[in-house]
*Asks:* 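Here it is, the structure in full.
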Amino acid sequence: MSVTDTAEKIKSMEVRGAGRIARAAAEALRDHAASVRSSDVAAFRQEMERAAATLVATRPTAVSLPNAVHIVMAGLEHASTTEEAREGLIHRAARFIQSSQHAVEKISGFGARHIRDGDTILTHCNSEVALGCIIEAHRSGKKIEVFATEVRPRNQGLITIRTLNDAGIKTNFIVDSAVRSYIHDVDLVIVGADAVTVNGAVVNKIGTSQVAHTAAEARVSVLVAAETYKFAPQTIMGDLIRIEEREANEVLADEIARTLPNVTVRNPAFDVTPAEYIDLIVTEQGAIPPQMAYIIIREYLGWGIEEFHESIGIGANHDE
Ligand code: RUB
């Protein structure tokens, strides 16, 4: 698919969910690299950078998107011919897509081990990896039941209940505000993530922090399923994750809004759950307490103190 079409589909949420967004961006860069005709390597690089910027600008919160683009684009500046640049990029895109799919499988297996026979699990929004854990537990023969929220305003809960239904899992569908009414029937909360910050806070679909707060009050464990490329290196430098605020008409129809001139609709798509409400983050490298987020950023995203020192001009003292 072209970069423009992919960007449009990500913006309109036809392609949604942090992992799928990341893979769609990698695919678009791969296809674009294959189609750019220029034989001048500098022009090729410039065109790929333009395409990367278009993709990154589509949705501001899911860190998986800039991380995927960064991984696919890495090393482009070292290529001396267009062919070398093209081949390198196509190879990195293919490797990213494959390892992303592999990460989903691994996390599903790890996460399923935290689900016990007879457990009732609550999930919010529609997360490929969170559902992967639940479905894997069911596949392994555990008798489980799920509470899935509706997820206003875009109703991602409908996608979740279809998937659970098709997997043959007993599911209760509830409105978002019913979480506290049912939390004592729940043994474990499992959600996905759009971003994990250096202090272990998890950015996910709006309402996740209320779910986690309610779970903490009821002493129900909260497990976050997140690939390592959802961890946010820029938070080491103090950058905040930007929370996307979407169109008002996702919440209130324009014709009604027009009759209410004193009313402003606020529609943040995501919120931040602090580390203290999260018991474990399950990554493809294994489960970690949220407080260990820095280690993941440093070890698996190649970001850490050296880059921090370079960025503030102290100068790095390392060999690479
Ligand atoms: C989706 C959402 C998901 C995360 C993780 O929001 O918040 O929980 O992206 O999903 P939206 P996954 O519908 O606005 O994109 O585990 O599939 O990456």
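Residue numbers start at 1 and run along the sequence shown. Basis for what follows: all heavy atoms, side chains included, without hydrogens, waters or symmetry-related copies. Just follow the structure's listing: the first ligand is 1, and inside any ligand the first atom is 1. If you're wondering where the values come from, they're calculated on a predicted model, not measured in any experiment.
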*Asks:* Test your reading of the structure: does E128 have an N or O sitting under 3.5 Å from an N or O of ligand 1?
*Replies:*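 Such a contact does occur with ligand 1.
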*Asks:* What I want to find out is whether R246 reaches E244 closely enough, with some N-O distance under 4.0 Å, to be called a salt bridge.
*Replies:*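 E244 and R246: salt-bridged.
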*Asks:* Would you mind checking which non-hydrogen protein atom is closest to atom 16 (O) of ligand 1, with the distance to 0.1 Å?
*Replies:*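 For atom 16 (O) of ligand 1, the nearest protein heavy atom comes out as S127 OG, 2.7 Å.
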*Asks:* Should the pair R152-E250 be classified as a salt bridge under the 4.0 Å nitrogen-to-oxygen rule?
*Replies:*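 The answer is no: the pair does not qualify as a salt bridge.
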*Asks:* Going by the order shown, which atoms of ligand 1 are within less than 4.0 Å of some heavy atom of Q156?
*Replies:*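 Selected atoms, number and element: 11 (P), 13 (O), 14 (O).
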*Asks:* Below 3.5 angstrom, do we get any N/O pair linking G19 and ligand 1?
*Replies:*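 Among all N and O atoms of G19, at least one is under 3.5 Å from an N or O of ligand 1.
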*Asks:* Could you identify the single nearest non-hydrogen protein atom to atom 5 (C) of ligand 1 and state the distance to 0.1 Å?
*Replies:*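 Result: A193 O, 3.5 Å.
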*Asks:* Of the backbone atoms (N, CA, C, O) and the side-chain heavy atoms from C-beta on, which set of K230 has a member under 4.0 Å from an atom of ligand 1: side chain, backbone, both, or neither?
*Replies:*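 The side chain, only.
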*Asks:* Is any side-chain N of the basic residue among E284 and K106 closer than 4.0 Å to the acidic one's carboxylate O?
*Replies:*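 No.
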*Asks:* For ligand 1, is any non-hydrogen atom under 4.0 Å from A18's backbone (N, CA, C, O), its side chain (CB onward), both, or neither?
*Replies:*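 The answer is both.
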*Asks:* Mind checking whether I21 has an N or O less than 3.5 Å away from an N or O of ligand 1?
*Replies:*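 Looking only at distances, the answer is no, because the N/O contact criterion of under 3.5 Å is not met.
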*Asks:* Short list, please: which atoms of ligand 1 are under 4.0 Å from a heavy atom of R59?
*Replies:*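 Those qualifying, in numeric order: 11 (P), 14 (O), 15 (O).
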*Asks:* Flag G17 as yes when one of its N or O atoms lies below 3.5 Å from any N or O atom of ligand 1, and as no otherwise.
*Replies:*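 The answer is yes, given that G17 and ligand 1 share an N or O pair closer than 3.5 Å.
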*Asks:* Pick whichever of R23, K205, R16, R154 has a heavy atom sitting closest to atom 14 (O) of ligand 1.
*Replies:*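 Looking at heavy atoms only, the winner is K205.
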*Asks:* Of the protein's non-hydrogen atoms, which lies at the shortest distance from atom 4 (C) of ligand 1, and what is that distance?
*Replies:*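 Heavy-atom neighbour on the protein nearest atom 4 (C) of ligand 1: D194 OD1, 3.2 Å.
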*Asks:* I'd like to know if the side chain of D31 reaches the main chain of M1, judged simply by a donor and an acceptor atom lying under 3.5 Å from each other, with no hydrogens or angles considered.
*Replies:*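 Yes: the side chain of D31 pairs with the backbone of M1.
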*Asks:* Same hydrophobic cluster for I183 and Y277, using side-chain heavy-atom links shorter than 4.5 Å among ILVMFWY?
*Replies:*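 I183 does not cluster with Y277.
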*Asks:* Any idea which atoms of ligand 1 are less than 4.0 Å away from a heavy-atom of V129?
*Replies:*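 In order of numbering, the contacting atoms are 16 (O).
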*Asks:* Of all the non-hydrogen atoms in the protein, which one sits nearest to atom 8 (O) of ligand 1, and at what distance?
*Replies:*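 The closest one turns out to be N204 OD1, 2.7 Å.
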*Asks:* Has ligand 1 got any nitrogen or oxygen that is less than 3.5 angstrom from a nitrogen or oxygen of H124?
*Replies:*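 Min N/O separation from ligand 1 is not below 3.5 Å for H124.
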*Asks:* State yes or no: do I281 and I107 share one hydrophobic cluster built from I, L, V, M, F, W and Y residues joined by side-chain heavy-atom distances below 4.5 Å, directly or via other members?
*Replies:*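 Looking at the clustering, I107 is in a separate group from I281.
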*Asks:* Are a donor atom and an acceptor atom from the side chains of T4 and E8 found within less than 3.5 Å of each other?
*Replies:*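 Checked: T4/E8 side chains show no N/O donor-acceptor pair below 3.5 Å.
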*Asks:* Under 4.5 Å between any side-chain heavy atoms of I134 and I190, yes or no?
*Replies:*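 I134 reaches I190 side chain to side chain.
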*Asks:* Do S38 and D40 meet the criterion of a side-chain donor-acceptor pair at a distance under 3.5 Å?
*Replies:*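 No, because no side-chain N or O of S38 sits under 3.5 Å from a partner of the opposite role on D40.
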